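The block underneath contains the structure these notes are about, expressed in structure tokens.
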Amino acid sequence: MTALLALHSMPAVAVHAQPQLDDDCATATPTPYTGYSLKTGTSCGQYVYCQDGIVKSWLTCPFGLLFDGDVGKGGICTWAANVECADDAAPESMTAMTFEFEPMTTMNAASSSSSSSS
């Protein structure tokens, strides 16, 4: 019984593992990065918010915009034409995208009135 009481009277020791820093929050300095950072492998279309070297949120630039920044250095979403994306997965520039639109047609008034009178 004495040994059991001795175990209970020992102070608890908390063991805290050092968190694994995210590659998307890496910097050349030993200080963990806090701020916006390029999400690698996303063709500059996505970025993350880092806090003390850990990704806290993952964000996407609106359509037509790219993240103009680098890993661990900050940046902003801006027009794709203004961004030189150095991301390893970067495809052709978004400025090369083309859109095709079909002309709008209007309903023939005669055909719509004949179908409603039947």
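Just the heavy atoms: all of them, side chains too, but no hydrogens, waters or symmetry mates, feed the values below. Computed from a predicted structure; not experimentally measured.
Here the closest non-hydrogen pair linking Lys39 and Trp58 is CE-CZ2, 3.3 Å. Looking at every heavy atom in both residues, Trp79 comes nearest to Val83 through O-CG2, 3.6 Å.
By the rule that hydrophobic residues join a cluster once side-chain heavy atoms approach within less than 4.5 Å of another member, Leu59 and Phe67 end up as members of one cluster. Tyr49 and Val71 fall within the same hydrophobic cluster, defined by Ile, Leu, Val, Met, Phe, Trp and Tyr side-chain heavy atoms under 4.5 Å apart, directly or through other members.
Asp24 and Thr40 form a side-chain donor-acceptor contact under 3.5 Å, judged by distance and modelled atom types alone.
Here the CG-OG distance, from Asp70 to Ser37, works out to 7.5 Å after rounding to the nearest 0.5 Å. For the atom pair NZ of Lys73 and CG of Leu38, the computed distance is 11.5 Å after rounding to the nearest 0.5 Å. Atoms CG and CG, from Leu65 and Asn82 in turn, are 10.0 Å apart once rounded to the nearest 0.5 Å.
For the side-chain contact (heavy atoms from CB on, under 4.5 Å) test, residues two or more places apart in sequence or in another chain that qualify with Thr31 are Thr29. Looking at residues two or more places apart in sequence or on another chain, you find a side-chain contact (heavy atoms from CB on, under 4.5 Å) between Cys25 and Asp22, Cys50, Val55.
With hydrogens and angles disregarded, a donor-acceptor distance shorter than 3.5 Å links the side chain of Tyr33 to the backbone of Gly74. Although no hydrogens or angles enter the test, the distance criterion places a donor-acceptor pair under 3.5 Å between the side chain of Thr34 and the main chain of Asp52.
SG atoms of Cys61 and Cys77 are separated by less than 2.5 angstrom, consistent with a disulfide link.
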